[in-house]
Number of protein chains: 2
Amino acid sequence: MRENPYARTREDHRSEVAEDYVELIYRLGRDRAEVRTADLVEALGVAQPTVTKTLERLQRDGLVNVHPRRRIELTAAGASLASDISERHVLIVKFLQAVGVPKEVAELDAEGIEHHVSETTQRAIARFVRGRQ
Amino acid sequence: MRENPYARTREDHRSEVAEDYVELIYRLGRDRAEVRTADLVEALGVAQPTVTKTLERLQRDGLVNVHPRRRIELTAAGASLASDISERHVLIVKFLQAVGVPKEVAELDAEGIEHHVSETTQRAIARFVRGRQ
DNA sequence: TGGTTTATATAGCCTTGGCTATATATTCGG
DNA sequence: CCGAATATATAGCCAAGGCTATATAAACCA
Ligand SMILES: [Mn+2]
Ligand SMILES: [Mn+2]
Ligand SMILES: [Mn+2]
Ligand SMILES: [Mn+2]
């Protein structure tokens with residue numbers, strides 16, 4: 001029996017916030033000495049209690065360790081997820097740019113698209129991007 | 001000041017369920033004499049009360065007219081939105097197929113991706129797809 | 001036509017992910 | 001080192017979009 005596309009999309013969305021948070025923590029961690037709640041508030045554009053509460057869920061799910069009123073760290077699982085989604089993000093931006101989308105717009109769209117690209121599609125895109133360098 | 005990609009994605013998601021419902025009602029309406037709740041339940045893979053409640057929201061927002069215990073119709077606004085999103089859906093499937101994604105997988109991924117493709121990107125994709133026919 | 005089956009509505013519950021207001025802890029400058 | 005400023009935590013609210021259980025209406029058919 002054929003998979004239901006709407007169910008797939010709903011499923012994608014259940015991991016979306018987690019993916020964005022760990023990717024962001026991962027990326028910020030390369031610049032700063034440590035990543036703090038305020039950094040995420042700034043980057044995500046949501047209210048501070050939203051970040052605090054979301055981090056609790058991510059901790060519950062084993063993706064981050066939060067040292068209260070101090071820094072936020074990725075667990076091994078969190079770092080692994082972050083590096084996967086980060087790679088996918090970069091690839092999608094390149095892909096969109098390759099077909100003529102301006103970088104700025106590609107970045108905006110990729111932030112949403114990245115959560116809906118299957119393994120199979122990711123491989124096809126990677127081949128395509130490689131093939132035109 | 002540069003737009004926040006996370007805010008854009010959150011905004012996209014606020015119209016996503018509406019887009020899928022009207023697109024589906026539109027598409028089903030071409031086969032069947034009339035579209036009923038049960039048809040949406042089947043296609044979406046959610047429980048029946050979920051569809052009933054969602055239709056109430058869509059009616060509140062002026063996208064559908066629900067004749068209780070009878071058929072569901074699109075308003076002019078609903079039909080217009082449906083035709084836009086339907087066109088985008090078809091284009092994305094073609095685009096993915098053009099870079100080597102199997103049709104089945106393209107359909108699955110497109111159902112999520114379609115909600116995150118900007119006007120600018122849609123135009124670029126359309127040019128690309130046209131250019132290789 | 002009446003009884004059974006099927007479809008829809010209604011009640012009530014849950015989690016996620018938003019928000020504001022405010023309390024409390026940490027940090028920084030004088 | 002203390003007070004002000006800043007950052008974080010906590011309380012409490014809300015809407016969306018899921019769910020199950022059950023009541024009721026509509027459709028079918030013997
Ligand atoms: Mn994202
Ligand atoms: Mn999405
Ligand atoms: Mn969709
Ligand atoms: Mn679609």
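To find a chain, count down the sequence lines: A is the first, B the second, and so on, and within it residues start at 1.
- Atom NE2 in His13(B) sits about 13 Å away from atom C1' in dT16(C), given to the nearest Å.
- Within the nucleic acid shown, Pro49(A) comes within 4.0 Å of at least one base atom, counting heavy atoms only.
- In this structure a side-chain-to-backbone donor-acceptor pair under 3.5 Å is present from Asp39(B) to Arg36(B).
- Counting any heavy atom pair closer than 4.0 Å across all strands shown, Thr50(A) reaches a base atom.
- Across all strands shown, Val41(A) has no heavy atoms under 4.0 Å from either base or sugar-phosphate atoms.
- Where Pro68(A) and Thr54(A) each meet DNA chain C at their nearest nucleotide, the meeting point lying more 5' is that of Thr54(A).
- Rounded to whole angstrom, the span from the CZ atom of Arg60(A) across to the C1' atom of dG17(C) amounts to 12 Å.
- Atom CZ of Arg10(A) and atom C1' of dC19(D) are 12 Å apart (whole Å).
- Taking atom NE2 on His115(A) and atom P on dT16(C), their separation rounds to 18 Å, with Å as the unit.
- When the side-chain nitrogen and oxygen atoms of Arg69(B) are compared with OP1 and OP2 of dT24(D), none of them lie within a distance under 4.0 Å.
- Remark on DNA chain D: of its neighbouring residues Val66(A) and Arg14(B), the 5'-side contact belongs to Val66(A), judged by nearest-heavy-atom nucleotide.
- Between the C1' atom of dA7(D) and the CG atom of Leu40(A) lies a distance of 13 Å, rounded to the nearest Å.
- Counted within 6.0 Å of CD on Glu42(A), heavy atoms from surrounding residues, nucleotides or ligands total 12 or fewer; the atom is thus considered open.
- Side-chain N/O atoms of Gln48(B) and base N/O atoms of dA7(C) include no donor-acceptor pair closer than 3.5 Å.
- Put simply, CG on Asp61(A) is 12 Å from C1' on dT15(C), counting in whole angstrom units.
- One can place CG of Asp39(A) at 16 Å from P of dT6(D), the figure rounded to the nearest angstrom.
- Glu34(B) places its CD atom 13 Å from the C1' atom of dA27(D), with the value rounded to the nearest Å.
- The two residues Val117(B) and Gln122(B) come nearest to each other via the heavy atoms CG1-N, 3.7 Å.
- Using a 4.0 Å cut-off, some side-chain N or O of Arg36(B) falls inside it from OP1 or OP2 of dT8(C).
- A side-chain donor-acceptor contact under 3.5 Å links Ser118(A) and Thr121(A).
- Base contact: Ala47(A) has a heavy atom under 4.0 Å from a base atom.
- Side-chain rings of His116(A) and His116(B) approach one another, their centers coming within less than 6.0 Å.
- When the side-chain nitrogen and oxygen atoms of Arg71(A) are compared with OP1 and OP2 of dT8(D), none of them lie within a distance under 4.0 Å.
- Arg70(A) comes within 4.0 angstrom of sugar-phosphate atoms only, judged by non-hydrogen atoms across all strands, and of no base.
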